[in-house]
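Right, one structure below, let's go through it.
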Amino acid sequence: MSRDHVQSAGPATPAAALDTLDRAAEPSGAAELSYLELLARGASAEAYEQPVLTARAEGRTPERITDLERAKLLALRVRSELEGRRRREAELSALFETAHDLAGLRDVDAVLQAIVQRARSLLGTDVAYLSLNDPARGDTYMRVTEGSVAARFQQLRLGMGEGLGGLVAQTARPYVTDDYFKDSRFQHTLTIDAGVRDEGLVAILGVPLMLGAHVIGVLFAADRRARVFEREQIALLGSFAALAAAAIDTANLLTETRSALADLERANGIIKDRSAGIERASDIHDRLAELVLRGGGVRDVAAAVSQVLGSTVEFTETADAGAVHRSRLEGHAVRHGDGWTATVAAGGELLGALVLRGHPDLDPVDRRTLERAAMVTSLLLLARRSAAEAEQRVRGELLDDLLDARDRDPRQLRDRAARSHADLDATHVVLAARLADPPAGDEDGRETRRRLWSAASRLAGTRHGLAAARDGGTVLLLPLEADDTATDLARRTARHLGTAVRRPVTVGASAPVTGLATAPDTVAAAYAEGRRCLDALCLLGRSGDGAAAEDFGFLGLLLAGERDVSGFVRRTIGPVVAYDERRGTELLRTLDAYFASGMSPARTKDELHVHVNTVAQRLDRVTRLLGDGWQQPERALEIQLALRLHHLEAPRARR
């Protein structure tokens, strides 16, 4: 093949070059075909010298060798074009895979890591890395590295304008250097240079990551040897930088979207909770209104609120003082322990508190529900108090009439008592009650006496009796049960009233009285007896106790309105009298002689003309009948008085 023929072919494309080689091979044989074989198997550039060398060794003509040289050049051009296409295909494939990763973005760090890995692989560099700007600190920091081995380099932070990366971030333009430390275009710092030196980098290429007109970071490719980066490589790295910026932007949008969705979910949850709270508030409002209309009580309110709020709510008059004080001061329910306390008050008076337990996290709507329930409770308590006070006034007025004997019409008295659920025909006890240690201040004293009267009135109402305030204390008229005594009733009343007013209360009781409607003067006399017993308790140092006249021995004879001599004798020596009557013994006579002889058995036996052993046996019998301690001075005095009264009563009984 002639040179003119090859020159006239002038192939401008790989296909034309291959066609020329085919035509050149027609006259010259298998030597030119070797170039096609080299192209087919993708041989190295050095292998293309072999056919020329072989022709020279074989002594081919200069024209032949010139043709082979030209065929070699054409083959190398074809080889270069094919390699370029393969490289561009690989680059496009990598970009496509990166775009695919970006489309299915789940983890932005994984996508950025893949971008850096592919950039390093396609550009054939030792290291690739990506940095992001930090607006808060005004610098840029390493986000992803690939091929890096130096820890200090991986933790670098570059100020705007510092180093190659800082300059890229500041100017939004790509920069490349084939020898970083010899390049004076960059602002070298000790920190950056130390990190780059630790990593051993020499040639560095950096391109900006752009979102619109703003730089958000830099993508780098670097070698540990001097190297010149081609324009195609700079453009390729720029394409990866664009994808990295899109990945970051997408991740930011996803984060914002997720945050917005989370905010919406929280808002929706709050709306649902508020809606549920409003429904509960509406429900409890309807229930409380119904309770008030049908005359419900405090426990009904607490039960309704407990059911609506799903927690235990109780009304108490003894709530924690600190929580109650804070609730009164703030005017709202306050948290206390694992629950809440809402003060129940009317004006300046504290009536108690509603206590919710086991619900430390109470939303504002439910808290308002508890406060509304406390307000309804205070209204119910005031209404109940007003009704009770009205009933107490009715009871007190009736008892005042009985004490003052102003109204003596039995039928009218019975009717008035029946309206207060009292029965004047039953057996009653009149009790006089008074505070054992009244407060010193006038205001405190009046308040405490008012509470005593209120407690006495409530007790009278529950026992179907009457109560009234009188003489600085309270008087009660209570029915006496069949198996009860005046003493037991007085002691129970003292304990009950003392607990109610939180102070000791002394109670004196009369003997049981009957026929109150037909003989109203009986109530006044019984009250006088009860007051004498009350005064006796205070004089004997038994304040805060309760007692009747029968509890004071012979002193009771002086306290009782009617002198119950037979009762005193029966309570004191009744067992001895009964024993003598049944057995015909002389125990009473022995007791008379024993006391007359100064309680000396020896003188007693002389008085009775019996043996001293007989006296001892009789005294042992008395001990078994009267119990131990009958010879103590106080008891002995009562027995002597009873013996004398018995002797005085005996003639009357015989008559």
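Model, not experiment: these values are computed from the prediction.
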Gln154 and Ser148: side chain donor to acceptor below 3.5 Å: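 Their side chains do contain a donor-acceptor pair, which is all the 3.5 Å distance test asks for.
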
Residues Ser131 and Thr140: side-chain donor-acceptor under 3.5 angstrom: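 A donor-acceptor contact under 3.5 Å links the two side chains.
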
Partner residues of Arg143 under the salt bridge (charged side-chain N to carboxylate O under 4.0 Å, His left out) criterion, sequence neighbours left out: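 Counting only residues at least two positions away or on another chain, Arg143 forms a salt bridge (charged side-chain N to carboxylate O under 4.0 Å, His left out) with Asp109.
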
Which residues share a salt bridge (charged side-chain N to carboxylate O under 4.0 Å, His left out) with Arg157, sequence neighbours left out: Asp134, Asp139

With Leu209, the side chain to side chain contact (heavy atoms under 4.5 Å, CB included) member among Val215, Leu130, Asn133: Leu130

Leu370, Thr341, Thr312, Val313 screened by side chain to side chain contact (heavy atoms under 4.5 Å, CB included) with Val355, the one that passes: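 In the set Leu370, Thr341, Thr312, Val313, the residue that makes a side chain to side chain contact (heavy atoms under 4.5 Å, CB included) with Val355 is Thr341.
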
Do you know which two heavy atoms are closest between [X] and [Y], and how far apart they sit?
X      : Y      : result
Val475 : Tyr527 : CG2-CD1, 3.5 Å
Ala342 : Ala374 : CB-CB, 3.9 Å
Leu497 : Ala433 : CD1-CB, 3.9 Å
Ala468 : Trp453 : C-CD1, 3.8 Å
Ile115 : Phe240 : CG2-O, 3.8 Å
Val429 : Ala486 : CG2-CB, 4.1 Å

[X] (side chain) donor-acceptor with [Y] (main chain) under 3.5 angstrom:
X      : Y      : answer
Ser510 : Gly530 : no
Thr462 : Arg458 : yes
Ser327 : His332 : yes
Ser454 : Arg450 : no
Glu162 : Gly159 : yes

Drop me the distance from [X]'s [atom1] to [Y]'s [atom2], to the nearest 0.5 angstrom.
X      : Y      : atom1 : atom2 : value
Arg495 : Arg491 : CZ    : CZ    : 8.5 Å
Leu489 : His496 : CG    : NE2   : 11.5 Å
Leu476 : Arg463 : CG    : CZ    : 10.0 Å
Thr485 : Asp488 : OG1   : CG    : 3.0 Å
Leu211 : His214 : CG    : NE2   : 9.0 Å
Leu112 : Leu219 : CG    : CG    : 9.5 Å

Plane angle bin for Tyr129 and Phe153 - parallel if under 30°, tilted between 30 and 60°, otherwise perpendicular: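 If you compare the ring of Phe153 with that of Tyr129, the planes turn out perpendicular.
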
Does [X] reach the side chain of [Y], with side-chain heavy atoms less than 4.5 Å apart?
X      : Y      : result
Val513 : Val523 : no
Leu478 : Leu480 : no
Gln170 : Leu167 : yes
Met142 : Gln155 : no
Val116 : Thr145 : no
Thr506 : Asp545 : no
Val207 : Val218 : no

side-chain contact (heavy atoms from CB on, under 4.5 Å) between Thr448 and Arg503, intermediate numbers included: CA-CA 9 Å; Thr448 307; Arg503 288 179 179 274; 3.7 Å; yes

Residue among Arg449, Arg434, Arg531 satisfying salt bridge (Lys or Arg N to Asp or Glu O under 4.0 Å) with Asp471: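 Considering Arg449, Arg434, Arg531, a salt bridge (Lys or Arg N to Asp or Glu O under 4.0 Å) with Asp471 is found only for Arg531.
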
Over 12 non-hydrogen atoms of neighbours within 6.0 angstrom of CG in Leu190: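 No, CG of Leu190 has 12 or fewer neighbouring heavy atoms, counting only those of other groups under 6.0 Å.
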
Worked check of side-chain contact (heavy atoms from CB on, under 4.5 Å) between Phe315 and Val344: CA-CA 9 Å; Phe315 172 76; Val344 177; 4.1 Å; yes

Side-chain ion pair, Glu199 and Arg152, N-O less than 4.0 Å: no

Ion pair Arg492/Asp484, N-O distance below 4.0 Å: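 Salt bridge flag = yes for Asp484 with Arg492.
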
Test side-chain contact (heavy atoms from CB on, under 4.5 Å) applied to Tyr141 and Leu156, step by step: CA-CA 6 Å; Tyr141 64 95; Leu156 276 179; over 6 Å; no

side-chain contact (heavy atoms from CB on, under 4.5 Å) against Ala500, all qualifying residues, sequence neighbours excluded: Ala455

